[in-house]
Protein chains: 2
Amino acid sequence: MNMDNGRKIKDVLYEQVARIGKAVSSPKRLELIELLSQGEKTVDTLSREASISMKLASAHLRELRNAQLVETDRRGKNIFYRLAGKAVSDLWVNIHTLAEERLVELQMALQKIATEPNDLVPSDRETLMKMARRGEVVVLDVRPADEYLMKHLPFARSIPLDELRHRLAELPKDRPIVAYCRGPYCLMAKDAVELLRREGFSSAHLRDGVAEWEAAASR
Amino acid sequence: MNMDNGRKIKDVLYEQVARIGKAVSSPKRLELIELLSQGEKTVDTLSREASISMKLASAHLRELRNAQLVETDRRGKNIFYRLAGKAVSDLWVNIHTLAEERLVELQMALQKIATEPNDLVPSDRETLMKMARRGEVVVLDVRPADEYLMKHLPFARSIPLDELRHRLAELPKDRPIVAYCRGPYCLMAKDAVELLRREGFSSAHLRDGVAEWEAAASR
DNA sequence: GTATCATTCTAGTATTTGTTAGAATATAAA
DNA sequence: TTTATATTCTAACAAATACTAGAATGATAC
């Protein structure tokens with residue numbers, strides 16, 4: 001028995017696992033996963049936010065469905081997609097974190113979009129939360145309001161990036177404002193920090209999004 | 001600024017992350033990663049154990065190197081490959097665990113190779129370790145001896161599968177013997193359990209390998 | 001019925017990938 | 001020098017993939 005080392009059965013097993021790998025082997029599908037890790041979204045929203053046609057989005061989403069990484073749910077005219085579980089957004093965090101650790105090209109690309117160093121804000125999560133709880137910093141969620149509603153960091157306040165300019169009066173000038181958005185590849189928080197600094201606020205950029213925060217919280 | 005939503009920079013970022021995804025999108029590369037999660041190995045060993053030609057193994061390993069998931073090290077005539085860090089074997093565990101959770105086809109394939117249910121052995125790690133520490137069970141590593149030497153479970157004893165038949169006398173008949181090998185897709189422990197049961201031992205199969213054990217330990 | 005949201009089918013194109021094979025090359029041990 | 005180990009180059013083939021486009025189809029809301 002198992003003279004052939006169990007070749008046939010092994011081939012089946014690894015081929016199945018590779019279905020997950022194939023699903024995360026495309027840049028656009030990774031972007032869709034990241035968007036979905038903010039919460040459920042329609043195909044229309046996804047295609048606009050990922051800058052692709054709806055047909056292409058549909059095709060990629062079908063691949064993700066084939067790999068059972070997303071689920072759908074029709075409500076009215078729209079079909080909502082969502083990740084099939086926290087394990088999926090954890091996988092996204094795992095992969096992009098590993099990529100950031102190992103790929104110099106990615107590190108360099110990320111440096112280009114980095115905001116100035118932020119002496120203001122402690123980099124570790126617990127201290128930041130402690131300060132947020134005490135009101136020593138303002139944690140600012142600059143994503144669209146619906147994403148904030150679905151999930152957000154503890155103590156975070158929501159001002160979507162495109163409303164920020166007109167709502168500056170809501171923010172204090174005597175305390176640091178820590179802006180975050182969808183994660184390290186999202187540029188909204190960076191833009192928010194630049195705007196806030198120009199307007200005389202002290203502001204810093206938190207690279208983590210909700211997915212990264214929750215993935216870190218569960219270990 | 002960022003009128004185009006940062007499209008160009010985003011495309012670069014996701015493309016880089018997709019290098020990791022591409023690396024894990026091939027069944028053979030996943031198998032190589034699993035083999036390497038046992039410890040460093042030569043190309044020759046890898047190609048034999050994955051049942052592919054050395055040239056093909058070489059090509060796949062080059063892909064893994066391009067994604068910076070493996071490192072090499074020449075010693076004498078041989079070139080040894082190893083995973084670039086624990087994060088890589090954690091990624092393997094993460095992916096195959098997610099696949100097992102979500103893909104029915106994989107679940108069914110795994111059922112086919114499952115040993116009979118094992119009332120004998122507690123399924124949670126801590127209890128098993130407690131019993132192993134007390135000597136209430138024998139944890140048996142049936143992988144090749146060099147893999148055992150590089151890394152093994154606490155309290156595990158090594159008897160490679162192909163020596164097991166001739167070394168049965170070393171094992172007790174009054175206590176359960178819990179066999180493990182490289183992980184859930186490795187058939188050696190299953191074979192060992194079947195042999196042991198035929199020979200009158202009480203034996204059970206631990207699906208975890210060293211990578212799964214360590215990944216679980218770090219959370 | 002009409003408009004909106006989404007998928008599917010067909011079709012085409014360009015690119016990449018997995019695999020095998022033969023020949024050449026590089027490294028180091030014996 | 002010979003041998004074992006490993007990579008590279010060339011070539012070739014089949015298959016899969018990413019993307020685009022046009023047209024048709026379904027489902028739902030109004």
Side-chain angles (χ1 to χ4, degrees), chain A residues 7-8 10-12 14-33 35-36 40-67 69-82 146, chain B residues 7-8 10-12 14-33 35-36 40-67 69-82 146:
Chain A
R7 231 335 99 194
K8 270 181 254 169
K10 280 192 183 177
D11 285 348
V12 173
Y14 293 106
E15 199 187 334
Q16 287 299 318
V17 182
R19 288 171 64 190
I20 306 290
K22 289 201 177 80
V24 294
S25 69
S26 138
K28 285 299 175 195
R29 283 198 291 273
L30 288 169
E31 187 166 2
L32 292 173
I33 290 174
L35 287 167
L36 289 171
E40 60 177 15
K41 286 174 185 286
T42 65
V43 182
D44 181 62
T45 310
L46 286 168
S47 61
R48 266 186 296 101
E49 293 185 337
S51 311
I52 54 180
S53 73
M54 212 170 66
K55 262 186 302 200
L56 185 53
S58 210
H60 279 307
L61 289 166
R62 179 158 30 98
E63 292 300 306
L64 291 176
R65 265 185 71 137
N66 285 343
L69 297 187
V70 300
E71 291 165 348
T72 59
D73 174 18
R74 173 154 222 145
R75 291 209 295 284
K77 270 189 292 198
N78 294 290
I79 297 179
F80 287 84
Y81 278 77
R82 83 183 76 80
D146 59 316
Chain B
R7 231 334 100 193
K8 269 181 257 170
K10 280 193 183 177
D11 284 348
V12 173
Y14 293 106
E15 199 187 334
Q16 287 299 318
V17 181
R19 289 171 64 191
I20 305 290
K22 290 202 176 83
V24 295
S25 69
S26 140
K28 285 299 176 194
R29 283 198 291 273
L30 288 170
E31 187 166 3
L32 291 173
I33 290 174
L35 287 167
L36 288 172
E40 59 176 16
K41 286 175 184 287
T42 64
V43 182
D44 182 62
T45 310
L46 287 167
S47 61
R48 266 184 296 101
E49 293 185 338
S51 312
I52 53 179
S53 73
M54 212 170 65
K55 263 187 300 201
L56 185 53
S58 210
H60 279 306
L61 289 167
R62 178 157 32 96
E63 292 299 307
L64 291 176
R65 264 186 71 139
N66 285 343
L69 296 187
V70 301
E71 291 166 349
T72 59
D73 174 18
R74 173 155 222 143
R75 289 207 298 283
K77 270 189 291 199
N78 295 288
I79 298 178
F80 288 83
Y81 277 78
R82 83 183 76 80
D146 60 316

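Per chain, numbering begins at 1; letters A, B, ... match sequence-line order. Atoms considered below: every heavy atom in the structure, side chains included; atoms not considered: hydrogens, waters and symmetry mates.
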Inset, instruction - Mind checking B:Tyr81 for me? I need base, sugar-phosphate or nothing, with any heavy atom below 4.0 Å counting as a touch. - result: sugar-phosphate
Legend entry - Earlier contact from the 5' end, DNA chain D, for A:Ser26 and B:Asp44: B:Asp44
Legend entry - First encountered from the 5' end of DNA chain D, between B:Met54 and A:Lys77: B:Met54
Inset, instruction - Looking only at non-hydrogen atoms, find the nearest pair between A:Leu32 and A:Ala57 and report the distance. - result: CD1-O, 4.5 Å
Inset, instruction - Output yes when at least one side-chain N/O atom of A:Ser58 is less than 4.0 Å from OP1 or OP2 of C:dA6, else no. - result: no
Inset, instruction - Could you tell me whether B:Arg74 contacts a base, only the sugar-phosphate backbone, or nothing, with contacts defined as non-hydrogen atoms closer than 4.0 Å? - result: base
Inset, instruction - Write down the distance between CG (A:Asn66) and P (C:dT7), rounded to a whole number of angstrom. - result: 12 Å
Legend entry - Shortest side-chain distance from A:Val43, nucleotide among D:dT20, D:dA6, C:dA6: C:dA6
Legend entry - C:dT4 OP1/OP2 closer than 4.0 Å to side-chain N/O of A:Asn78: no
Legend entry - Gap between atoms CD1 and P, on B:Ile52 and D:dA6 respectively (whole Å): 13 Å
Inset, instruction - Please report, rounded to the nearest Å, how far the C1' atom of C:dA6 is from the CZ atom of A:Arg48. - result: 14 Å
Inset, instruction - May I ask you to establish whether A:Arg74 and A:Phe80 are in a cation-pi arrangement, using a distance under 6.0 Å from NZ or CZ to the six-membered ring centre and at most 45° from the ring axis? - result: no
Inset, instruction - May I ask you to evaluate whether A:Arg29 reaches the phosphate of D:dA18, defined as a side-chain N or O under 4.0 Å from OP1 or OP2? - result: yes
Legend entry - Contact under 4.0 Å: B:His60 side-chain N or O vs C:dT17 OP1/OP2: no
Inset, instruction - Provide the closest heavy-atom pair for B:Ala67 versus B:Ala23 in the form atom of the first, atom of the second, distance. - result: CB-CB, 3.7 Å
Legend entry - Whole-Å distance separating the NZ atom of B:Lys22 from the P atom of C:dG18: 11 Å
Legend entry - Any B:Arg62 side-chain nitrogen or oxygen under 4.0 Å from OP1 or OP2 of D:dA6: no
Legend entry - Base D:dG22 to side chain A:Lys55, donor-acceptor N/O within 3.5 Å cut-off: yes
Inset, instruction - Report yes or no: does A:Ser25 contribute a side-chain atom to a donor-acceptor pair with the main-chain N or O of A:Lys22 at less than 3.5 Å? - result: yes
Legend entry - Atom-pair distance (CG on A:Asp11; P on C:dG18), nearest Å: 15 Å
Legend entry - Nearest-Å distance for atom pair CD/C1', residues A:Glu40 and C:dC5: 16 Å
Inset, instruction - Run the numbers on B:Arg29 and B:Val24 for side-chain contact (heavy atoms from CB on, under 4.5 Å), then give the verdict. - result: CA-CA 6 Å; B:Arg29 283 198 291 273; B:Val24 295; over 6 Å; no
Inset, instruction - Mind calculating the distance between CZ (B:Arg19) and C1' (C:dT16) to the nearest angstrom? - result: 16 Å
Legend entry - Whole-Å gap separating C1' (D:dA11) and CG (B:Leu56): 16 Å
Legend entry - Residue-phosphate contact under 4.0 Å: A:Arg75 side-chain N/O, D:dT28 OP1/OP2: no
